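Before any comments, here is the structure.
Quick caveat, the model's predicted, so the values are computed rather than measured.
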Amino acid sequence: MNTPFIQVVFSILRKDLRTELRSRELVSSMALFTFLSILVFSFALELDREAKQEAVSGVLWVTLVFASILGLNRSLASEREEGNMDAMLIAPVNRIAIYMGKMLGNFIFTVIVGVVLLPVMTVLFNFSMVRPTMILILILGILGLSSIGTLLATMTVQTRSRETLLPIAMLPVVLPVILTVVRATNAILNNQDMMQTLLTIGLVDVLYITLGSFLFEYVTED
Amino acid sequence: MKTRLIIYFLLLVMTTPVIAQDAPEPTQLPVIPYYSSSQNFNVPIPPGWRQISTEAGLAEFIHPDVDGAIYALAVQAEDVQSALNAAFEQLIPELEIEQRLTGVITLDGLDWYKSLYDIVGGGNITAFVQQRDSTYYVLLYLNRNPEIDLYMLAIEAENNNEQVSIEEVLSQLYPGVDLEPITSNEVELSNGTWIRSTYQLPDGEALHTLHQVRFDTTYVVIERGDGETLDTVNKALFTALFGFFVTPDNDEYLLLGIVVAAGLVIGLILSMVVRYRNLQKDERLIQQLKQDVH
Amino acid sequence: MTKSLHILTGITIISVLFGLYLAFGYARTDLEQGDIQRIFYIHMPSFFGAFTAFTGTVIGGVMYLRTRHVKWDSLAVAGVEVGLMLALLNLATGAIWARPIWNTWWTWDPRLTSAAVMALTYLAYLMLRNGIENADKRRLFASVYGIVAITTVILTLMIIRIVPDTIHPAVIGPSPQNAEGVFEATPRVAAALLPNLLIWSTLVPITLMWWRIRLENKSEHVQKLRMELINS
């Protein structure tokens, strides 16, 4: 551990952000995907106002999960193709720092998409979604998705079936996150108390980040 | 060091099921004894009443203060009417009866046919019949006291007006009755709040009623007489009617469950056996090839 | 080792038969639900059997990552296969019970859904395993996923706390409403349930996993022979 932990995390994060700023490929494709699926949802479900109220948080989170999967697959696949991952792994740095860097990258991209999504959904579903508490839920929920997603994606990009395996492996495992965040989102939209649910999400986040940090070093072994 | 941390962490996680298992406390209600017959029906024995039947598949409840009995039995029949006739044939073959009123009510999603009879020479019968396939379950109250009439009725209020429903029934049972109650007041019984009213019959006799509305059904007990038996019988019949249930016959599903469960276990074992066999075959082949090479 | 496995297998078979006798002979028919209620004596114990097996997967996974000894990976894969079978058994018996009682094979009840997701997670485990050709990498990734997957098992156990609107019943069935009291619980439920719970949560998964580990050892052995043959 020659390079300090925080420095490694930020240099990886900075690299990801800079690449993204230059190409704008990842966030734009994630955002486009989410807009499209929200549109498809709102047409396909043919909801009346009341049903929309009930469906809106489910739609938001299912879309975000898929956007996160999309982003993870792309970012880790390109990392592998360009050989960056191998370079990073050879370097004498803490694996947990690499994990944190990659995780934060995906986290930030998905949060950006989520934040952009809120006004769009407000317009499409005619339901006020832009609230400070929503941002908090987005941050906590997406933290859960990215933490376990980064771990699983690092594994699945090394398998034969690659992109197809990540959703299969990830969807069942993120169910605790989806369940709790949908519940919390509903509570916010109906102006109910959601402290209990927030606490559960926080616990799940801690659990997933712990699991991810400890197990990451094994999925990057060669 | 790190792996030990993981193990401690996982052990901690493993204890969560223990914490998670405690379910919310169920509300405590008094346990009441049931008569469970060999004919698959179960009927609660109302507090204060005694089961005296020695016949299998027949329940007979009596009360020291009441000249009458509650019966529950199952009969095989073609339709409701023949089921009732068969029940009467079994219980009171010597008595002649005539029908007064019939109808249907739905209770907990199940249809009950209701029927009122008068016994020629005094006394009367309130009967409820439920059908399950070709079996008819009959729950009836037989009033043997010639001094009084005692009917129990459940009316599904179409017009949502309990008073109208009761007046309809009263005028049907006792033509000429004065439909304006003399007295009417709320009484608190162990099975809820009831309205107790008295009416005047043309011949000067009094008619006592107790009624209550539950959901969209009005329950009425009517007594012509001194009104002393009303409360006891009302409570008992209510308990018996609401507590009555038939044990469902679902052996075929149990059989299906056993077959599927056995299939899954045997499936896993067989797949393991097959895989083992194949490996043995491979092993023999490899050994053979090895010898050929040497 | 082989002898003790045979003895254990004998004990398990006898115990399972004894448990079946308790469920189908000794226990009285549930008067409210009818004979179908007897499926419960297998339904609930099989879930705990699955829990035992999946716990085996976690232990196998952690120990493999620690020691890199193949035997721990065999334990993990044995736990997944046996646990998956028991989880499917749990789901199937639940659906068959629900048909006459709830009048539907399946409802999107939180606990049912999470139990189904749990089974799917372990199917995903098997897919992941099949997707990796390199044996060391396969064992590594499988160990990691086996550890992560236990969260869905814990979720299934805790879901009643997170999403309380489940209609999944408590241990003893509902009582007839509106009557002036409750119906006495069917006698002998606990006496028939506890031995079954013990048998299905320990003996059955452990015996099956032991046999599955032997199969895995055989497979490793044959693989080694094949390698030797190719290299010679």
Side-chain angles (χ1 to χ4, degrees), chain A residues 58 99 144 147-184 186-187 194 196-201 203-222, chain C residues 54 58 61-68 73 84 87 108-111 113-134 136-166:
Chain A
Y99 166 76
S147 57
I148 205 73
T150 305
L151 175 74
L152 295 177
T154 315
M155 279 197 314
T156 51
V157 291
Q158 298 177 56
T159 62
R160 228 182 317 159
S161 35
R162 287 173 160 235
E163 280 80 7
T164 45
L165 202 53
L166 182 60
I168 293 171
M170 187 169 155
L171 279 177
V173 180
V174 295
L175 188 78
V177 179
I178 300 179
L179 263 176
T180 42
V181 290
V182 166
R183 200 146 256 264
N186 269 332
M194 44 128 203
Q196 188 70 42
T197 330
L198 265 185
L199 207 67
T200 319
I201 305 174
L203 274 175
V204 175
D205 284 351
V206 170
L207 176 81
Y208 280 179
I209 292 174
T210 319
L211 277 176
S213 308
F214 281 130
L215 296 173
F216 188 73
E217 84 167 83
Y218 300 108
V219 299
T220 49
E221 258 175 36
D222 260 323
Chain C
F54 293 145
V58 174
V62 172
M63 291 309 288
Y64 178 77
L65 293 180
R66 212 174 123 101
T67 64
R68 301 301 158 96
D73 182 58
L84 187 58
W108 291 105
D109 174 80
R111 182 161 247 185
T113 311
S114 72
V117 168
M118 178 183 98
L120 288 176
T121 314
Y122 286 94
L123 273 178
Y125 174 98
L126 293 177
M127 281 193 76
L128 180 79
R129 250 192 119 82
N130 281 334
I132 308 163
E133 268 146 57
N134 181 315
D136 285 331
K137 197 161 258 187
R138 177 172 63 229
R139 294 194 193 103
L140 262 180
F141 288 8
S143 301
V144 169
Y145 196 67
I147 295 167
V148 171
I150 196 76
T151 49
T152 59
V153 182
I154 294 164
L155 175 76
T156 309
L157 282 162
M158 304 213 330
I159 190 104
I160 290 178
R161 280 292 182 82
I162 303 171
V163 191
D165 45 332
T166 176

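Distance check, rounded to the nearest 0.5 Å: CG of A/L215 to CZ of C/F141 gives 11.5 Å. For the atom pair C/I147 CD1 and A/Y218 OH, the distance stands at 8.0 Å (nearest 0.5 Å).
Interface remark: C/L128 contributes backbone and side-chain atoms alike to the contact with chain A (heavy atom separation under 4.5 Å). At a 4.5 Å heavy-atom cutoff, the contact between C/R68 and chain A is made by side-chain atoms alone. Contacts between C/D136 and chain A at a heavy-atom distance below 4.5 Å are absent for every atom of the residue. When heavy atoms are compared at a cutoff of 4.5 Å, C/T121 approaches chain A by way of both its backbone and its side chain.
In terms of heavy-atom pairs under 4.5 Å with chain A, the best-connected choice from C/V148, C/L120, C/N134, C/I132 is C/V148. Options A/T156, A/I168, A/L171 differ in how many heavy-atom pairs under 4.5 Å they form with chain C, and the most are formed by A/I168. Across C/S114, C/G131, C/A124, the residue that shares the most heavy-atom pairs under 4.5 angstrom with chain A is C/G131. Contact count versus chain A (heavy atoms, under 4.5 Å) is highest, among C/V117, C/N130, C/L123, C/V144, for C/V144. Annotation: maximal heavy-atom pairing with chain A below 4.5 Å, among C/M118, C/E133, C/M127, occurs at C/E133.
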side-chain contact (heavy atoms from CB on, under 4.5 Å) between C/T151 and A/L211, intermediate numbers included: CA-CA 10 Å; C/T151 49; A/L211 277 176; 4.2 Å; yes

Evaluation steps, side-chain contact (heavy atoms from CB on, under 4.5 Å), between A/L175 and C/T113: CA-CA 10 Å; A/L175 188 78; C/T113 311; 5.5 Å; no

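Partners of C/R138 according to the side chain to side chain donor-acceptor pair (under 3.5 Å) rule, which considers only residues two or more places apart in sequence or in another chain, do not exist here.
The list of salt bridge (charged side-chain N to carboxylate O under 4.0 Å, His left out) pairs with a residue in residues 207-216 of chain A, not counting sequence neighbours, is empty.
C/Y145 places a side-chain N or O within donor-acceptor distance of the main-chain N or O of A/A169, the cut-off being under 3.5 Å.
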